[in-house]
Amino acid sequence: MRIDTKTDIYGIIGHPIGHSLSPLIHNAAFESNNLNSVYVSFDVYEENLKDAILGIKALGIKGINVTVPHKENVIKYLDYVSDEAKLIGAVNTIKNNNGILEGYNTDVTGFSESLKEHGIEVEGKNAVILGAGGAARAVAVGLSLAGVRTIIVANRSKEKARNLSTYIKNNLGINCIDVTYDDLNQLEEIDILVNATSVGMSPNINLSPVDENVVVKAKFVYDIIYNPEKTLLLSYAEKCGIRNLNGFDMLINQANHSFKIWTGVNFNRSIILNILKKKDFVK
Ligand code: ATR
């Protein structure tokens with residue numbers, strides 16, 4: 001990697017930021033596209049968010065990914081926000097377009113594309129989303145835009161579940177209800193079951209947001225967690241012979257869309273996968 005006075009700076013802001021795979025992915029992408037650019041991570045506390053965003057302009061940083069907990073709060077500091085990001089109420093990608101900060105959301109596209117790539121039909125189906133945070137919102141919007149018939153949101157905090165279901169009903173016109181985890185036992189059949197909570201993520205790999213008796217009702221199980229590769233939830237699905245997918249493709253797709261917003265080109269997916277394999281992130 002060459003770093004000189006012409007090197008363009010990109011990065012990610014969030015807190016905590018230590019476990020992000022984005023620096024690895026984007027630096028590999030810059031290198032394989034022969035771009036004189038570098039991607040670094042910035043651990044930004046909530047009280048410093050405004051200064052950090054002003055710093056993008058002041059320092060001429062070319063692009064920034066935004067992660068938890070700043071995806072929603074960052075919007076008020078941007079000059080332009082895409083319709084999709086407005087709909088979701090969250091920005092995960094900022095492009096510094098000659099001093100104009102533009103906000104986009106590539107999580108939804110990343111999620112929807114991964115369903116398409118694996119041939120998962122959404123139109124007319126019923127879906128259960130576990131969780132009601134930012135990731136669950138992106139999943140709910142993605143499913144709604146893909147023509148899902150009904151969405152059931154189950155979440156630990158009832159208030160957050162209600163907020164998300166109301167939001168989806170009002171903004172996307174989809175039949176959406178919120179329930180408790182216990183209520184899921186009453187369901188007969190689930191076309192698409194998506195885990196959008198952090199339950200089961202490393203290091204808490206012995207946890208699952210729902211038990212096998214709920215999983216067995218599903219025709220397809222998607223866990224947006226990618227570390228571990230196979231969460232306990234996905235191992236239940238596997239045991240029951242149910243098609244399933246982890247969050248790795250969503251991660252790669254959202255990163256590729258950010259990369260394209262910044263550079264105008266797609267990155268080479270197989271090169272990125274090989275690099276992640278070498279670092280033991282992919283088997
Ligand atoms: P993200 O942007 O990744 O979605 P978030 O907005 O903090 O992050 O949301 C985390 C989600 O995981 C929430 O749905 C949260 O449930 P609550 O709204 O009830 O907090 C869910 N979650 C996290 N830890 C959980 C746990 N131990 N049990 C159940 N749900 C949990």
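In listed order, ligands and their atoms are each counted from 1. Worth saying up front: this structure is predicted, and the values here are computed from it rather than measured. Quick note: numbers below take in every heavy atom, side chains included, and nothing from hydrogens, waters or symmetry partners.
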For [atom], find the nearest protein heavy atom and state the residue, atom name and distance (0.1 Å precision).
atom	answer
atom 18 (O) of ligand 1	Asn155 ND2, 2.9 Å
atom 23 (C) of ligand 1	Ser198 OG, 3.4 Å
atom 11 (C) of ligand 1	Thr197 CA, 4.1 Å
atom 19 (O) of ligand 1	Ser157 N, 2.8 Å
atom 4 (O) of ligand 1	Ala135 N, 2.9 Å

_Checking side-chain polar atoms at under 3.5 Å, does Asp8 have a donor or acceptor matched by the opposite partner on Asn36?_
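No, no side-chain donor-acceptor contact under 3.5 Å.
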[atom1] of [X] to [atom2] of [Y]: how many Å apart, nearest 0.5 Å?
X	Y	atom1	atom2	value
Tyr236	Asp223	OH	CG	12.0 Å
Leu145	Ile174	CG	CD1	8.0 Å
Ile53	Leu78	CD1	CG	6.5 Å

Enumerate the atoms of ligand 1 whose separation from the nearest heavy atom of [X] is less than 4.0 angstrom.
X	value
Gly133	4 (O), 6 (O), 9 (O), 14 (O)
Lys160	18 (O)
Gly131	14 (O)
Val68	2 (O)

*Between Arg156 and ligand 1, which part of the residue brings a heavy atom under 4.0 Å of the ligand: side chain, backbone, both or neither?*
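Looking at Arg156 and ligand 1, atoms from backbone and side chain both fall under 4.0 Å.
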*Leu130 pairs by side-chain contact (heavy atoms from CB on, under 4.5 Å) with which of Leu184, Val214, Ile152?*
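So the option named by the test is Leu184.
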*Out of Leu164, Ile151, Ile224, Asn195, which one pairs with Val139 under the side-chain contact (heavy atoms from CB on, under 4.5 Å) rule?*
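Exactly one pass, corresponding to Ile224.
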*Classify the ring geometry between Tyr39 and His26 as parallel (under 30°), tilted (30 to 60°) or perpendicular (over 60°).*
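Tyr39 and His26: parallel rings.
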*Might you check, step by step, whether the distance between atom 31 (C) of ligand 1 and some protein heavy atom is under 4.0 Å?*
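Flag for atom 31 (C) of ligand 1 set to true, protein heavy atom closer than 4.0 Å.
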*Protein non-hydrogen atom below 4.0 angstrom of atom 7 (O) of ligand 1 present*: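 Protein heavy atoms within 4.0 Å of atom 7 (O) of ligand 1 - there are none.
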*Carboxylate-amine/guanidinium proximity below 4.0 Å for Arg269 and Glu117*: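 Yes, this pair counts.
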*Does a side-chain N-to-carboxylate-O contact under 4.0 Å join Glu212 and Lys239?*
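The answer is yes: the pair qualifies as a salt bridge.
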*atom 29 (C) of ligand 1: which of Val153, Val199, Leu164 has the nearest heavy atom?*
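Nearest heavy atom to atom 29 (C) of ligand 1 lies in Val199.
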*Gly134 to ligand 1: N or O pair under 3.5 Å?*
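There is such a contact, yes.
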